[in-house]
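In what follows, a single structure is set out as structure tokens and then discussed.
Worth knowing before you read on, the calculation uses all heavy atoms, side chains too, and leaves out hydrogens, waters and symmetry mates. Sequence lines set the chain letters: A, B, ... in the order given, protein chains first and strands last, and positions in each chain run from 1.
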There are 2 protein chains.
Amino acid sequence: MKNSIKVERAKKNITQADLAKLSKVSRQTINAMELGKYVPSTVLALRLAHIFEVDVNQIFTLEDSDWD
Amino acid sequence: MKNSIKVERAKKNITQADLAKLSKVSRQTINAMELGKYVPSTVLALRLAHIFEVDVNQIFTLEDSDWD
DNA sequence: CCTTTTAGACAAACAAACTTTACATTTAGT
DNA sequence: ACTAAATGTAAAGTTTGTTTGTCTAAAAGG
């Protein structure tokens with residue numbers, strides 16, 4: 001699964017720490033997520049979409065391998 | 001977090017078992033999700049949105065308590 | 001330069017998602 | 001009423017998300 005959190009974050013010009021606070025998770029969670037190290041929970045995905053005022057699908061997109 | 005999986009499933013007229021196969025999870029996972037017993041992973045949420053041909057936000061919606 | 005902020009990385013521990021198996025209950029068809 | 005399909009429930013176990021803490025390294029600014 002891909003995500004464009006780093007891009008959305010750049011648009012808003014906020015740091016990983018800022019986003020961590022806004023979305024109420026740890027900074028490491030944001031960092032690892034941006035680096036594709038893991039996939040966030042749906043609640044967190046919805047929170048991020050809400051914060052960035054976009055749709056979930058605009059941030060997170062499935063890849064073929066996500067159907068294995 | 002609320003979800004309208006049961007409704008979407010009714011629209012397509014498919015069973016929990018059908019949806020389980022389509023989304024490649026167990027029937028119990030679908031069942032528990034519909035009953036609000038747990039929140040699916042983002043990958044599964046995206047898969048379901050894809051299957052129902054709607055946006056993730058159309059199926060899953062945050063509640064106030066999801067920000068605690 | 002020097003200092004501070006920001007980002008990347010790793011590990012241990014815990015919480016939550018998900019699977020499997022198995023059984024009980026409801027619903028629908030005949 | 002009988003049967004089969006669909007749904008609900010539950011325990012045990014594996015995998016994955018998340019936190020906390022710490023450490024390194026790369027920007028950014030004075």
Side-chain angles (χ1 to χ4, degrees):
Chain A
M1 213 202 53
K2 290 176 91 174
N3 76 70
S4 59
I5 295 168
K6 197 166 188 172
V7 174
E8 295 300 330
R9 199 162 57 70
K11 286 184 189 168
K12 285 227 164 193
N13 196 31
I14 58 177
T15 69
Q16 291 182 341
D18 291 338
L19 183 54
K21 269 199 176 174
L22 286 172
S23 55
K24 299 198 174 179
V25 294
S26 68
R27 188 184 62 78
Q28 285 82 344
T29 296
I30 300 293
N31 182 248
M33 226 169 50
E34 284 192 4
L35 298 176
K37 293 213 173 165
Y38 66 75
V39 173
S41 69
T42 297
V43 167
L44 180 47
L46 285 168
R47 280 187 197 161
L48 293 169
H50 183 262
I51 290 167
F52 290 131
E53 300 172 287
V54 297
D55 195 276
V56 171
N57 298 286
Q58 200 168 324
I59 306 179
F60 300 95
T61 51
L62 280 183
E63 294 171 295
D64 291 349
S65 59
D66 292 321
W67 288 93
D68 294 342
Chain B
M1 214 203 53
K2 290 175 92 173
N3 75 71
S4 59
I5 295 168
K6 197 167 188 171
V7 174
E8 296 299 330
R9 200 162 56 71
K11 285 184 190 168
K12 286 229 165 194
N13 195 35
I14 59 177
T15 69
Q16 291 183 342
D18 291 337
L19 183 54
K21 269 198 176 176
L22 287 171
S23 56
K24 297 200 174 179
V25 294
S26 70
R27 186 183 64 77
Q28 285 81 347
T29 297
I30 300 293
N31 182 248
M33 228 168 49
E34 284 191 5
L35 298 176
K37 294 213 172 162
Y38 67 76
V39 172
S41 68
T42 297
V43 168
L44 181 48
L46 285 168
R47 280 187 198 162
L48 293 169
H50 183 263
I51 290 167
F52 290 132
E53 299 172 288
V54 298
D55 197 275
V56 172
N57 298 288
Q58 198 167 326
I59 306 180
F60 300 94
T61 52
L62 279 183
E63 294 171 294
D64 291 349
S65 60
D66 292 322
W67 288 93
D68 295 341

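- Residues of residues 17-32 of chain B that place a heavy atom closer than 4.0 Å to DNA chain C, in numerical order, are B:Lys24, B:Val25, B:Ser26, B:Gln28, B:Thr29.
- Think of the region where chain B sits on DNA chain D: with heavy atoms and a 4.0 Å cut, that region ends 5' and 3' at D:dA6 to D:dA10.
- Residue pairs meeting the side-chain hydrogen bond (donor to acceptor under 3.5 Å, both in side chains) criterion with at least one partner in residues 59-68 of chain B, sequence neighbours excluded, do not occur; the list is empty.
- Scanning all heavy atoms of the two residues, the minimum distance from A:Ser23 to A:Ile30 falls at OG-CD1, 3.7 Å.
- For residues 36-55 of chain B, proximity to DNA chain C is found at B:Tyr38, B:Val39, B:Pro40, B:Ser41, defined as any non-hydrogen atom under 4.0 angstrom from a strand atom.
- Judged as a side chain to side chain donor-acceptor pair (under 3.5 Å), and not counting sequence neighbours, A:Ser41 has no contacts.
- Annotation: the span from A:Gln16 atom CD to A:Lys6 atom NZ amounts to 7.5 Å, rounded to 0.5 Å.
- The list of salt bridge (Lys or Arg N to Asp or Glu O under 4.0 Å) pairs with a residue in residues 47-61 of chain A, not counting sequence neighbours, reads A:Lys12-A:Glu53.
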Checklist entry - For B:Phe52 and B:Leu19, what are the C-alpha separation, side-chain angles and deciding distance, and is it a side chain to side chain contact (heavy atoms under 4.5 Å, CB included)? => result CA-CA 10 Å; B:Phe52 290 132; B:Leu19 183 54; 3.8 Å; yes
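- Two residues are said to be in side-chain contact when any heavy atoms from C-beta on lie closer than 4.5 Å; A:Leu48 and A:Met33 meet this criterion.
- The CG atom of B:Leu35 sits 11.5 Å away from the CD atom of B:Gln28 when rounded to the nearest 0.5 Å.
- Among residue pairs with one or both ends in residues 34-45 of chain A, those qualifying as salt bridge (Lys or Arg N to Asp or Glu O under 4.0 Å) are A:Arg9-A:Glu34; sequence neighbours excluded.
- Across every non-hydrogen atom of A:Thr42 and B:Pro40, the tightest pair is OG1-O, 2.6 Å.
- Near DNA chain C, meaning a heavy atom under 4.0 Å from it, residues 61-68 of chain B has no residue at all.
- The minimum heavy-atom distance linking B:Ile14 with B:Leu22 is given by the pair CD1-CD1, 4.1 Å.
- Each end of the helix from C:dC1-D:dG30 to C:dT30-D:dA1 yields a helix axis from five base pairs, and these two axes differ in direction by 60° (to the nearest 10 degrees).
- Counting only distance, with no hydrogens or angles, the side chain of B:Asp18 and the backbone of B:Thr15 share a donor-acceptor pair below 3.5 Å.
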Checklist entry - What do the steps show when you test A:Leu44 against A:Thr29 for side chain to side chain contact (heavy atoms under 4.5 Å, CB included), and what is the final call? => result CA-CA 10 Å; A:Leu44 180 47; A:Thr29 296; 4.0 Å; yes
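- Applying the salt bridge (Lys or Arg N to Asp or Glu O under 4.0 Å) rule to A:Lys11 yields the partners A:Glu8; only residues at least two apart in sequence or on another chain are considered.
- Non-hydrogen atoms lying under 4.0 Å from DNA chain C are contributed by A:Arg9, A:Thr15, A:Gln16, all within residues 9-16 of chain A.
- Along DNA chain C, the stretch of nucleotides lying under 4.0 Å from any heavy atom of chain B spans, 5' to 3', C:dA17 to C:dA22.
- Scanning both residues, A:Ile59 and A:Ala49, for their nearest heavy atoms gives CD1-CA, 3.7 Å.
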